[in-house]
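These notes are about the structure you will find just below.
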Amino acid sequence: MLPFSPTRPRLASIADKSGFLVALAVMLVVTLAVYQGSVLALAAVACAALFALLMPTTATIVSISWILLVRPNAKLLQSTIAGFTVTEVDLLVLLALAASSRIPRKAESPQRPSRLADWMPLLAWPIWLLLRTFIPQAGNLTFGSPLIDLRILSAYVLLIPIWMIASRRGSTTLIRLICYSAYAACLIAVVAWSMARLSLLGPGSYPLVNIAAGAAQDVRPGGEILMPVLAVLLVFNRAPLFLRSRWLSFALLLGEILVSQTLSIVIASVAGILLVLLSNWHYISLAKRVIIIALLLGSGFVALSGGGSQNGNADVGSRFNLTERIGQNSAQYRVAEAETMAIIYEDEPLVLAVGTGPGSFVSFTDGLVHEVKDLTHNVYNNLILKTGIVGLVLFTGGFVFTFCRNWAQPNILTRVLFGSLGAIGVLSMTVPFVSTVSGLTALLCLGGLAVSQTVNARPARAGALN
């Protein structure tokens, strides 16, 4: 990476102190530009460029946070340029990349450069996906433009600003970025639910939240993939606290889970917490073990019973009711998808081995699914469909290897991050978060933290470039 002077311009120092307010102003200008026309669009571009120039740290953090929080199918800005669909996520990736190059290093932060070998496990799958593009497509399927799937690679560009944050501002800053983005998603969900109850906001899909019109009346914010990560970090005291209150932090997380009624989030959180508990069993006090186990058992009871109802029976209308959900459309929909994919793999062994290649579509005509789709609700099926078992091994193995390099270190944060990875791994069985740029960005933030842990374990080298 290029050398960077630790000297910080005074103007930038002054500007970054009011960075949050300026960030809100920039987002307001961008929002107005979307609805008012090209003149304001040019003004928005100018504001964003100035924002990145004067407040690089804030600009990078705000850009990544918005990418984490925006819902994949409800972008704020969407336009077609030269035949390509461009959204604000594409623009924010570029903004984060440009701004991160100017992030000043903390004066007390030693220079510890990363190596290509530190990143290669994470980069193995995107390299294979690019190579798979030049290999003939496989399978008796419908094919569209490879760009449909290659666009997800833009998330990997964010590894550069992610590393800049971790290396120049410290790993703590990156953890705060992840956790406060999760808190923001919780607040959005609770506020949207309250507004919906007061009839101030109707059902619909908004850039930051989806309000269902069905009987469940669930409210689903963007950034839900961060919920199990926040849960694991909070339980093991590795998350910054919302308004410095542990009770308020847990209440906010619980509020999001209750209004979104996402059973997969509960199951993933329990799996991640259990993984960390088992891997740190001898380092956790007996009292904390009892508390955590009680928490896990309570969560399991809620998942199985739906929380109960006034007549004492299970609340069959609750989305938390696992026994009811198994027979509902959402669960059967996923089963039908998996059955169709299994038939494809059985009939097309080459697809199972190396995938169809980017741009493939599957026609689902069984059970409840009657549409042509490029992705399913199971991330692992998506990886196999596009890149085969080879791609699945490279993707999952790359993250596992990146985290396991730190396993021998006497640092509970390493195991907590591994538990967060496990939680997302469980979540990916039924929710396709990681198959989107926003979801993959969350996973890459954890990967960046794992790499940072590896690099920080090495002795600092004087005069090294970063």
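- Annotation: salt bridge (Lys or Arg N to Asp or Glu O under 4.0 Å) contacts of Lys373 (sequence neighbours excluded): Glu337.
- Rounding to the nearest 0.5 Å places CG of Leu253 at 9.5 Å from CD1 of Ile265.
- When only modelled atom types and interatomic distance are considered, Thr262 and Arg220 share a side-chain donor-acceptor pair under 3.5 Å.
- Under the 4.5 Å side-chain criterion, counting only non-hydrogen atoms from C-beta, Ser360 is not in contact with Asp374.
- Side-chain N/O atoms of Thr430 and Ser264 include a donor and acceptor closer than 3.5 Å.
- A salt bridge links Arg151 with Asp90: the closest approach of a Lys/Arg side-chain nitrogen to an acidic carboxylate oxygen falls below 4.0 angstrom.
- Rounding to the nearest 0.5 angstrom, the gap separating the CG atom in Leu443 from the OG atom in Ser428 is 7.5 Å.
- For Phe395 and Phe399, the ring centers sit closer than 6.0 Å to each other.
- A donor-acceptor contact closer than 3.5 angstrom is absent between the side chains of Ser260 and Asp218.
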_Step-by-step side chain to side chain contact (heavy atoms under 4.5 Å, CB included) determination, Leu158 to Leu444_ = CA-CA 8 Å; Leu158 291 172; Leu444 290 173; 5.7 Å; no
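- Nearest heavy atom pair, residue Val232 against residue Ser269, reads CG2-O, 4.4 Å.
- Nearest heavy atoms, Val235 versus Phe250: N-CZ, 4.0 Å.
- The two residues Leu95 and Ala52 make their nearest non-hydrogen contact at CD1-CB, 3.5 Å.
- Looking at every heavy atom in both residues, Ser101 comes nearest to Arg168 through O-NH1, 3.5 Å.
- Side chains of Asp118 and Ser114: no donor on one and acceptor on the other come within 3.5 Å.
- The two residues Ala189 and Val219 make their nearest non-hydrogen contact at O-CG1, 3.7 Å.
- Under the 4.5 Å side-chain criterion, counting only non-hydrogen atoms from C-beta, Leu208 is in contact with Trp66.
- Taking the side chain as every heavy atom from C-beta outward, Trp193 and Val209 never approach each other to under 4.5 Å.
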*Evaluation steps, side chain to side chain contact (heavy atoms under 4.5 Å, CB included), between Trp125 and Leu129*: CA-CA 6 Å; Trp125 179 78; Leu129 180 62; 3.7 Å; yes
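- A donor-acceptor contact shorter than 3.5 Å is absent between the side chain of Ser452 and the backbone of Gly448.
- The side-chain contact (heavy atoms from CB on, under 4.5 Å) test with Leu446 singles out one residue from Thr402, Ile178, Val451, and that residue is Ile178.
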*Could you walk me through whether Trp407 and Arg415 pass the side chain to side chain contact (heavy atoms under 4.5 Å, CB included) check?*
CA-CA 7 Å; Trp407 196 259; Arg415 290 176 169 79; 3.5 Å; yes
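- Between Val372 and Val362 the shortest side-chain heavy-atom distance does not fall below 4.5 Å.
- Applying the side-chain contact (heavy atoms from CB on, under 4.5 Å) test between Arg169 and each of Met164, Lys106, Arg176 identifies Lys106 as the sole match.
- Under a 3.5 Å cut-off, the side chain of Ser100 and the backbone N or O of Leu97 do form a donor-acceptor pair.
- Side-chain contact between Leu226 and Leu230 is absent, with no heavy-atom pair separated by less than 4.5 Å.
- You'll find the side chain of Phe418 stays beyond 4.5 Å of the side chain of Val416, heavy atoms only.
- Considering only heavy atoms from C-beta on, Phe433 comes within 4.5 Å of Leu427 through its side chain.
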*Go through the steps to decide whether Leu177 and Ser181 satisfy the test side chain to side chain contact (heavy atoms under 4.5 Å, CB included), and finish with yes or no.*
CA-CA 6 Å; Leu177 165 62; Ser181 295; 3.8 Å; yes
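- Donor-acceptor pairing under 3.5 Å is recorded for the side chains of Thr454 and Asn406.
- Closest non-hydrogen pair, Pro126 versus Leu153, comes out as CB-CD2, 3.5 Å.
- The main-chain N or O of Phe242 is found under 3.5 Å from a side-chain atom of Ser249 such that the two form a donor-acceptor pair.
- Side chains of His377 and Val431 form no contact here, defined as non-hydrogen atoms less than 4.5 Å apart.
- Going from atom CG of Asn382 over to atom OG1 of Thr376 covers 4.0 Å, rounded to the nearest 0.5 Å.
- Considering CG of Leu263 and CD of Gln261, their distance stands at 10.5 Å, rounded to 0.5 Å.
- Distance CG/Asp149 to NZ/Lys386: 4.0 Å, rounded to 0.5 Å.
- One finds the CG atom of Asn378 at 9.0 Å from the CG atom of Leu383 (value rounded to the nearest 0.5 Å).
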